[in-house]
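The block underneath contains the structure these notes are about, expressed in structure tokens.
Proteins get letters first, then strands, A, B, ... in listed order; numbering begins at 1 in each.
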Protein chains: 2
Amino acid sequence: MTDKARDAEAVSRFVERFAAQLVEAGMTRMPARVFAALLSSDSGAMTSAELGEQLQVSPAAVSGAVRYLSQQHMVSREREPGSRRERYRVHSDQWYEALTNRDAILKRWSDSLREGVTSLGAETPAGRRLAETVAFFDFIQDELTAMMERWREHRERTFGQP
Amino acid sequence: MTDKARDAEAVSRFVERFAAQLVEAGMTRMPARVFAALLSSDSGAMTSAELGEQLQVSPAAVSGAVRYLSQQHMVSREREPGSRRERYRVHSDQWYEALTNRDAILKRWSDSLREGVTSLGAETPAGRRLAETVAFFDFIQDELTAMMERWREHRERTFGQP
DNA sequence: CGCTTCGTTCAGAAATTTGTGAAGTTAAGG
DNA sequence: CCTTAACTTCACAAATTTCTGAACGAAGCG
């Protein structure tokens with residue numbers, strides 16, 4: 001068994017294992033696998049063909065997964081200049097990005113809950129519970145922002161330049 | 001249309017709307033609907049029969065949803081003493097609980113990633129990326145704990161006793 | 001103790017989701 | 001321009017998930 005083969009096997013084992021964890025946490029399978037594969041590639045970027053081969057799936061499946069992932073800001077696409085190949089990349093601070101984008105979801109929850117407070121009546125017990133929930137989400141939102149800022153600092157201190 | 005009927009309609013509208021948001025964020029439909037229903041009830045607790053009626057689903061569906069929700073620590077079960085009815089309850093700090101339990105997931109991710117660092121080699125570029133990801137999650141974990149503590153304080157100041 | 005009322009579990013039907021193959025689109029290279 | 005390579009899109013097949021109805025189990029009440 002060559003070094004290269006050994007690596008491929010180790011990589012694959014990690015990819016599938018980690019992807020399974022992501023799935024368990026609510027992510028769909030193919031995007032999870034693609035993301036894990038990118039995360040464990042040395043360059044941090046792979047072409048559609050490479051992904052298809054590693055994961056043993058069709059180009060169509062890769063395409064779908066990648067579309068989903070870029071909507072979620074979990075990968076970015078790059079065109080290799082002067083080639084029809086496209087590369088999909090994870091940045092090392094990709095989780096940071098992804099988490100930041102959860103803000104949008106929290107915002108919508110807040111809005112929806114606020115409507116609930118109005119329509120159920122701010123004076124009713126249910127209204128009060130919803131109001132408290134709104135307060136929680138607003139609090140979390142502010143805290144998340146601050147937390148991400150601290151991470152950026154922490155990261156620079158620990159790993160060098162941004 | 002009586003006051004009660006009007007309320008029921010307004011409640012239902014909110015429940016379905018908010019549940020839809022939860023679904024959009026990855027939650028399964030029935031648990032989302034049950035949770036939203038509990039959240040917008042005045043007492044914060046409902047019986048299986050009440051949930052079934054409000055949501056127009058079978059007892060079996062309620063049972064399944066509730067099982068899921070209590071595994072996720074998003075509702076608690078109460079036995080009404082001297083009755084075969086069971087009540088399912090959301091606490092006002094239920095989100096706090098739920099988020100705290102996400103820690104377990106983060107922990108498993110960290111562990112899985114650490115394995116990845118070892119098996120891919122800490123000196124490889126991929127290994128370094130994974131190591132940075134581990135650092136991120138560990139950071140988040142600590143921050144979450146602190147954040148939840150701050151929320152408890154904030155909540156007491158704003159809404160009165162714990 | 002049996003009756004009755006809730007709740008749970010389980011097998012299966014229905015609906016949704018997921019991935020494939022094939023056709024379509026865009027853009028590089030001769 | 002025409003060819004070819006790469007990705008995307010679409011219709012469909014397969015697998016999975018989700019909810020129901022029915023049978024079962026436990027616990028109060030007469």
Side-chain angles (χ1 to χ4, degrees), chain A residues 12 15-16 19-38 41 43 45-72 74-90, chain B residues 12 15-16 19-38 41 43 45-72 74-90:
Chain A
S12 183
V15 166
E16 298 305 331
Q21 302 255 22
L22 295 178
V23 168
E24 223 181 311
M27 199 167 173
T28 44
R29 191 170 316 271
M30 195 58 70
R33 296 180 72 208
V34 168
F35 186 75
L38 288 171
S41 69
S43 63
M46 296 173 78
T47 65
S48 178
E50 289 168 339
L51 285 166
E53 195 200 359
Q54 153 132 33
L55 304 176
Q56 290 295 306
V57 293
S58 70
V62 174
S63 175
V66 161
R67 173 158 31 112
Y68 172 83
L69 287 170
S70 43
Q71 279 170 355
Q72 306 298 312
M74 295 187 69
V75 310
S76 54
R77 313 160 93 97
E78 303 178 345
R79 280 198 152 69
E80 284 182 31
S83 160
R84 33 216 164 315
R85 284 215 173 126
E86 203 151 18
R87 298 177 72 77
Y88 308 112
R89 173 173 297 283
V90 281
Chain B
S12 183
V15 166
E16 298 305 330
Q21 302 256 22
L22 296 178
V23 169
E24 222 180 312
M27 198 167 173
T28 44
R29 192 170 313 272
M30 195 59 68
R33 296 179 72 208
V34 167
F35 187 74
L38 288 171
S41 69
S43 63
M46 294 173 78
T47 65
S48 178
E50 289 168 339
L51 285 166
E53 195 198 0
Q54 153 132 33
L55 304 175
Q56 290 294 307
V57 293
S58 70
V62 174
S63 176
V66 161
R67 173 157 30 114
Y68 173 81
L69 288 170
S70 42
Q71 278 169 356
Q72 306 298 313
M74 295 187 68
V75 309
S76 54
R77 314 160 94 99
E78 303 178 344
R79 282 199 149 71
E80 285 182 30
S83 161
R84 35 217 161 317
R85 284 213 171 125
E86 202 151 17
R87 298 176 72 77
Y88 308 112
R89 172 174 300 281
V90 280

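A:Leu69 places a side-chain heavy atom less than 4.5 Å from the side chain of A:Met27. Side-chain atoms of B:Val75 and B:Leu38, non-hydrogen and from C-beta on, do get closer than 4.5 Å to each other.
Counting any heavy atom pair closer than 4.0 Å across all strands shown, B:Tyr68 reaches no nucleic acid atom.
Judged as a side-chain hydrogen bond (donor to acceptor under 3.5 Å, both in side chains), and not counting sequence neighbours, A:Arg85 has no contacts. With sequence neighbours left out, B:Ser70 forms a side-chain hydrogen bond (donor to acceptor under 3.5 Å, both in side chains) with B:Arg77. Partners of A:Ala49 by side chain to side chain contact (heavy atoms under 4.5 Å, CB included), not counting sequence neighbours, listed by chain and number: A:Thr47. Under the rule for a side-chain hydrogen bond (donor to acceptor under 3.5 Å, both in side chains), A:Glu86 has no partner lying at least two apart in sequence or in another chain. Annotation: side-chain hydrogen bond (donor to acceptor under 3.5 Å, both in side chains) contacts of A:Gln72 (sequence neighbours excluded): none. In this view, B:Tyr88 satisfies the ring pair (Phe, Tyr, Trp, His ring centres under 6.0 Å) rule with no residue, not counting sequence neighbours.
Axis orientation changes by 20° from one end of the helix from C:dC1-D:dG30 to C:dG30-D:dC1 to the other, with each end axis drawn from 5 pairs and the value rounded to 10°.
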- Using a cut-off of 4.0 Å between protein heavy atoms and nucleotide atoms, how would you tag nucleotides 25-30 of chain C 5' to 3' with B, S and -? ----S-

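The separation between B:Met30 atom CE and C:dA14 atom P is 17 Å, rounded to whole Å.
Between chain B and DNA chain D, the heavy-atom contact criterion of under 4.0 Å yields a 5' to 3' nucleotide range of D:dT18 to D:dC29.
Screening residues 19-33 of chain A for salt bridge (Lys or Arg N to Asp or Glu O under 4.0 Å) gives A:Glu16-A:Arg33, A:Glu24-B:Arg108 as the qualifying pairs, with residues at least two apart or on separate chains.
Note on B:Arg77: a side-chain N or O is less than 4.0 Å away from OP1 or OP2 of C:dT8. In this structure, B:Arg29 does not reach the C:dA15 phosphate: none of its side-chain N or O atoms is under 4.0 Å from OP1 or OP2.
Only B:Ser48, B:Ala49, B:Pro59, B:Ala60, listed by number, bring a heavy atom of residues 48-60 of chain B to less than 4.0 angstrom from any atom of DNA chain C.
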Check residues 51-68 of chain B and write down every donor-acceptor pair under 3.5 Å in which the side-chain atom is one partner and the other belongs to a residue at least two apart or another chain.
residue : atom : partner : partner atom : Å
B:Gln56 : NE2  : B:Glu53 : O            : 3.0
B:Ser58 : OG   : B:Ala60 : N            : 3.4
B:Ser58 : OG   : B:Ala61 : N            : 3.2

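With B:Ser43 contributing its side chain and B:Ala45 its backbone, the two residues share a donor-acceptor pair below 3.5 Å.
Across all their heavy atoms, A:Val15 and A:Ala37 have their closest contact at CG2-CA, 3.7 Å.
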